[in-house]
Asks: 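Right, I'll just put the structure down here and ask away after.
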2 protein chains.
Amino acid sequence: MKEGPDIALIGSLIGDPARANMLTALMGGRALTATELATHAGITLQTASSHLSKLEAGGLLSQRKQGRHRYYQLAEDEVGLMLENLMGFAASRGMNRHRPGPKDPALRKARVCYNHLAGDYGVRMYDSLLAEKQIEISGDDLALTSAGQSRVEALGIDYSALTKSRRPICRTCLDWSERRSHLAGSLGEALLTLFIDKGWAKREANSRAIRFTANGEKAFSELFPQ
Amino acid sequence: MKEGPDIALIGSLIGDPARANMLTALMGGRALTATELATHAGITLQTASSHLSKLEAGGLLSQRKQGRHRYYQLAEDEVGLMLENLMGFAASRGMNRHRPGPKDPALRKARVCYNHLAGDYGVRMYDSLLAEKQIEISGDDLALTSAGQSRVEALGIDYSALTKSRRPICRTCLDWSERRSHLAGSLGEALLTLFIDKGWAKREANSRAIRFTANGEKAFSELFPQ
DNA sequence: GGGATGCTTCGATTACGATCGAAGTATGAA
DNA sequence: TTCATACTTCGATCGTAATCGAAGCATCCC
């Protein structure tokens with residue numbers, strides 16, 4: 001009867017509090033087991049199982065069996081981007097589940113957005129890359145320049161591996177805390193992995209917050225001057 | 001218990017089919033009365049009234065009384081942008097309420113996205129403005145250049161009026177059909193209004209489709225060469 | 001094998017919200 | 001004033017989906 005895509009379906013998937021909790025937990029970027037997700041959502045395993053199959057059927061989650069565990073994660077980058085966008089909208093309306101607590105500043109400073117860096121640090125990195133013309137905007141797409149490519153390879157990232165996947169290498173994602181863009185895509189993921197592998201940053205347990213070490217802060221500032 | 005904004009609330013608002021229909025109808029950009037929205041959603045006036053107050057409480061809709069009518073519209077640009085984003089996601093998953101009908105091509109060619117031009121024509125306009133450096137990207141924000149400003153004034157748009165509102169003048173919005181950016185913000189709205197005022201384009205009744213006249217197509221191609 | 005863990009399926013309960021009829025309020029027209 | 005239109009509020013019904021207990025299947029460990 002009506003034209004256009006069906007937003008009610010996705011809306012109702014996200015609209016259940018238990019499912020929303022699971023999705024928020026998965027925004028941490030790690031793949032989580034059904035039991036872990038049940039705990040996050042505060043429901044029993046049976047209920048969680050039912051929710052998870054619905055989310056999978058809706059294309060929001062993907063699943064892989066490993067031994068007797070089932071690991072769930074967001075199906076694609078796009079899911080993470082969409083959720084972050086929704087969070088941005090909700091935050092701008094002051095719809096918060098918790099009173100702004102001590103953890104909040106840490107989240108605003110640096111956090112993981114599905115699989116890449118977000119928050120103040122994410123925005124700083126994005127702006128710096130753009131200012132130094134290592135990424136550039138063409139239309140809606142974001143592209144790595146040749147200068148950017150050699151820079152990235154100098155950092156020890158395997159550029160050719162990035163090109164092999166079907167995912168876009170660079171992509172913008174809107175920040176709910178900063179309301180600015182930061183870098184998503186396979187390069188965004190590779191950079192965050194790099195920071196952690198080098199010991200510059202650590203992920204806090206049970207949180208999306210990322211804590212930079214003193215050395216890490218220094219290295220980051222040198223790599224991405226403001 | 002969990003950190004971050006509450007996406008379940010918005011999700012559940014959008015998740016009800018009746019409400020989703022109303023929101024989709026309002027993506028047409030016109031303010032509609034409660035009765036009209038009830039018809040769009042296929043429900044009685046009482047039920048619609050209940051839904052509308054929920055949407056208003058959730059910050060998705062705003063309302064103004066005019067005589068004995070109540071006109072509802074999307075509360076802000078951001079609501080339209082968020083919905084378009086959701087539609088993009090839903091469309092990419094093939095979640096469509098209707099089988100692709102004859103109306104579809106018209107929608108893909110040119111349609112209204114809340115209050116500005118979307119579809120192929122929207123993207124072409126955006127790309128052209130960007131290529132001729134009349135708008136430029138800085139960080140996440142889109143800005144009108146001085147060249148763009150004089151160009152816009154030459155078209156007969158009151159630029160100073162645009163600056164007076166708190167809304168951003170330029171803004172990008174992601175297209176669900178083209179999966180590319182097009183121009184939103186008060187300038188996007190002003191341009192669409194201009195096309196219609198000049199008789200270059202007409203809005204189809206009960207649809208988001210925009211039909212360009214032969215003259216309109218010509219003028220549009222001259223204004224925004226590819 | 002036996003037992004433990006991780007998860008799914010089934011079935012029954014429950015609770016919430018969508019729905020509409022009926023009645024009430026406000027605005028406009030005659 | 002009287003009637004009609006536009007909408008809201010109240011109250012009752014009804015359906016659906018979330019929830020969990022119990023049982024079943026799969027995997028791993030000993």
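All chains are named by letter (A, B, ...) in the order of the sequence lines, taking the proteins before the strands, and each is independently numbered beginning at 1.
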Asks: Would you kindly give the CG-to-P distance between Leu45(B) and dA18(C), to the nearest whole Å?
Replies: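 Going from CG in Leu45(B) over to P in dA18(C) covers 17 Å.
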Asks: Whole angstroms only, please: what is the CD-C1' distance between Gln63(A) and dA26(D)?
Replies: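 In whole Å, dA26(D) C1' lies 14 Å from Gln63(A) CD.
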Asks: On the nucleotide dT27(C), are OP1 or OP2 found under 4.0 Å from the side-chain N or O atoms that Arg70(B) carries?
Replies: no
Asks: Could you check whether Ser53(B) gets within reach of a base, just the sugar-phosphate, or nothing at all, counting any heavy atom under 4.0 Å?
Replies: nothing
Asks: Atom CG of Asn21(A) and atom P of dT19(D): how far apart are they, to the nearest Å?
Replies: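 Rounded to whole Å, this separation is 10 Å.
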Asks: OP1, OP2 of dC28(D) versus side-chain N and O of His69(A): anything below 4.0 Å?
Replies: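 So the side-chain polar atoms of His69(A) never come under 4.0 Å of the phosphate oxygens OP1 or OP2 of dC28(D).
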Asks: How would you list all residue pairs meeting ring-ring contact (aromatic ring centres under 6.0 Å, His included) that involve residues 9-36 of chain B, not counting sequence neighbours?
Replies: none
Asks: Does the distance from a Lys or Arg side-chain N to an Asp or Glu carboxylate O, for Asp77(A) and Arg167(A), drop under 4.0 Å?
Replies: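 Salt bridge between Asp77(A) and Arg167(A), a charged N being under 4.0 Å from a carboxylate O: yes.
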Asks: Tell me the interatomic distance from Arg19(B), atom CZ, to dT19(C), atom C1', rounded to whole angstroms.
Replies: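 Checked: the CZ to C1' distance equals 12 Å.
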Asks: Rounded to the nearest angstrom, tell me the gap between atom CZ in Arg64(A) and atom P in dG6(C).
Replies: 17 Å
Asks: Could you give the distance from CE (Met27(A)) to CD1 (Ile7(B)), rounded to the nearest 0.5 Å?
Replies: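 Result: 8.0 Å between the selected atoms.
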Asks: Of the nucleotides dT19(C), dT8(C), dT19(D), which has the atom closest to the Asp16(A) side chain?
Replies: dT19(D)
Asks: Nearest to the side chain of Gln46(B), heavy atoms from C-beta on, is which of dA18(D), dA22(C), dA22(D)?
Replies: dA22(C)
Asks: Is it the case that the side chains of Asn215(A) and Thr213(A) hold a donor-acceptor pair, with the cut-off being a distance below 3.5 Å and no angle test?
Replies: no
Asks: From CG of Leu52(A) over to C1' of dT9(C), roughly how many Å is that when rounded to an integer?
Replies: 15 Å
Asks: Any side-chain N or O of Ser49(B) under 4.0 Å from OP1/OP2 of dT8(D)?
Replies: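 Affirmative; the distance criterion is met.
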Asks: Closest approach to the side chain of Ile43(A), judged atom by atom: which nucleotide of dT19(D), dA26(D), dT8(C) is it?
Replies: dT19(D)
Asks: Test of understanding: with salt bridge (charged side-chain N to carboxylate O under 4.0 Å, His left out), list the residues that count as partners of Glu36(A), not counting sequence neighbours.
Replies: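 Result, salt bridge (charged side-chain N to carboxylate O under 4.0 Å, His left out) vs Glu36(A): none returned.
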Asks: Which listed nucleotide (dT9(D), dC28(D), dA18(D)) is nearest to the side chain of Arg68(A)?
Replies: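 Minimum distance to the Arg68(A) side chain belongs to dC28(D).
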Asks: Provide, to the nearest angstrom, the distance between the CD atom belonging to Gln66(B) and the P atom belonging to dG28(C).
Replies: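 Nearest whole value for this atom pair: 10 Å.
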Asks: Heavy atoms from C-beta onward define the side chain here; which of dT8(D), dT19(D), dA26(C) lies closest to that of Thr47(A)?
Replies: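 The nucleotide sitting nearest to the side chain is dT19(D).
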Asks: Give the nucleotide from the list dT19(D), dT9(D), dT8(C) with an atom nearest to the side chain of Ser50(A).
Replies: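 Taking heavy atoms from C-beta onward, the closest nucleotide is dT19(D).
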Asks: Nearest nucleotide by nearest heavy atom, which residue falls closer to the 5' end of DNA chain D, His51(A) or Lys65(A)?
Replies: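 With Lys65(A) and His51(A) compared, the 5'-side residue is His51(A).
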Asks: Does Lys54(A) place a side-chain N or O at less than 4.0 Å from the phosphate oxygens OP1/OP2 of dA18(D)?
Replies: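 Yes, because at least one side-chain N or O of Lys54(A) sits under 4.0 Å from OP1 or OP2 of dA18(D).
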Asks: Rounded to the Å, how far apart are Leu9(B) CG and dG17(C) C1'?
Replies: 14 Å
Asks: So, Arg111(A) and Glu178(A), do they make that salt bridge, N to O below 4.0 Å?
Replies: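 Judged by the 4.0 Å cut-off on N to carboxylate O distance, Arg111(A) and Glu178(A) do not form a salt bridge.
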Asks: Base, sugar-phosphate alone, or nothing: which one does Tyr71(B) contact when heavy atoms must sit under 4.0 Å apart?
Replies: nothing
